[in-house]
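Here the structure is a predicted model, which is why all the values come from computation and not from measurement. Position 1 is the first residue of the sequence, and the numbers go up from there.
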Amino acid sequence: MNAPPQTIQIFLPSGDPQGIRIASITTRIVQVVEIPRLRLEEFLERPEASSVGIYILFGENDETERPRAYVGQTGNFGNRLKQHNEKKGLWWNRAVVAFSLTQSLTVTHAHYLEWLALRRATQAQRFEMDNGTSGTRPHTLPALEAECREVFETIDILLTTLGYPIFEPLVRNPVVTLQTTETIPASQKQATPPEFYCRTSGVDGRAQYTEEGLVVLAGSYGRAATSTFLPHNYAQKRQVMLDQGLLRIDGDRIYFTRDALFSSPSPAAVALLGRAANGWTEWKDSTGRTLEEAIGRSTPGNDCEA
């Protein structure tokens, strides 16, 4: 079942939207604090710094430009983040901590939440994880595990609201609707994203159009060779995806190794076709309708810009 409507509050202690941000769902006891690395000293003076919980460091891999993250747990956020600030390198620029307003989370909770968060982040594949290992599932009593999963659900919602959908897969699994007498409001129903195809000689691409853009599905393949007229910016993007391991060349084909999100459909089509392309007309559904026809979008002229 989909999540019900919810009210989320975001508080800016300094009034600066680029500074520390505190997010919470008004009916729950879990709170999340986003901390810019440059504002760490400011956070250390806050009462939340001594809390128990999990934290995530966010940044970017300087070599591949891929988003990077590190998941950890601690009995004292302040002490742990100071250690990371001194030893964890320069790649991270923001930290997010999650804890209970009632101080009800224990180190046992934190260990399980750390394992669950790392597992979900690894499965989602949105971020390159700096942990190196997915860890071992800790022994947890059923009652405590149920508490942790409820807490994790709140953390997931708040992180996504703040702009860090680290646990959200690019393509959501279809929702199985059980027979019930309860009426689900239309606003809470979530349709499976429509699937589109980019197919021609040597090319077989599959994708779903979502709220975030076009997601090319793992296993899609296209032409390894590129046109001599391919714009330089597209050639650069293709090379970056190869460097990230998102694309892999095998013979005369180039494969997507995992699901990949594109904010515009044209770069996705170019990556497969190896030439300039208008993604709004190259991607078609199972009936042959172009992407622009399927979603009712009008594209004046050629839309093959980055």
Got a salt bridge between Lys82 and Glu41, using NZ or NE/NH1/NH2 to carboxylate O under 4.0 Å? no
Flag the pair Tyr70 / Phe58 as yes when their ring centroid distance falls below 6.0 Å, and as no otherwise. no
In plain terms, say whether Arg206 and Glu195 are close enough for a salt bridge, that is, a side-chain N and a carboxylate O under 4.0 Å apart. yes
May I ask you to establish whether Arg68 and Trp92 are in a cation-pi arrangement, using a distance under 6.0 Å from NZ or CZ to the six-membered ring centre and at most 45° from the ring axis? no
Can you tell me which residue among Glu114, Gln73, His84 is in a side-chain hydrogen bond (donor to acceptor under 3.5 Å, both in side chains) with Tyr55? His84
Glu168 with Arg126: basic N within carboxylate O range, under 4.0 Å: no
Check: Thr108 main-chain N/O paired with His111 side-chain donor or acceptor under 3.5 Å: no
Please say whether the positively charged group of Arg253, taken as NZ for Lys or CZ for Arg, lies over the ring of Tyr221, i.e. under 6.0 angstrom from the six-membered ring centre and within 45 degrees of the axis. yes
Test your reading of the model: is there a side-chain donor-acceptor pair from Glu293 to the backbone of Thr290, 3.5 Å cut-off? yes
Could you go through Phe127 and Tyr164, starting from their C-alpha distance and side-chain angles, then the distance that decides it, and tell me whether this counts as ring-ring contact (aromatic ring centres under 6.0 Å, His included)? CA-CA 10 Å; Phe127 286 74; Tyr164 302 101; 7.4 Å; no
Relative to Tyr255, does Arg248 satisfy both conditions: NZ or CZ under 6.0 angstrom from the six-membered ring centre, and within 45 degrees of the ring's axis? yes
Atom CD of Glu150 with >12 non-hydrogen neighbours under 6.0 angstrom: no
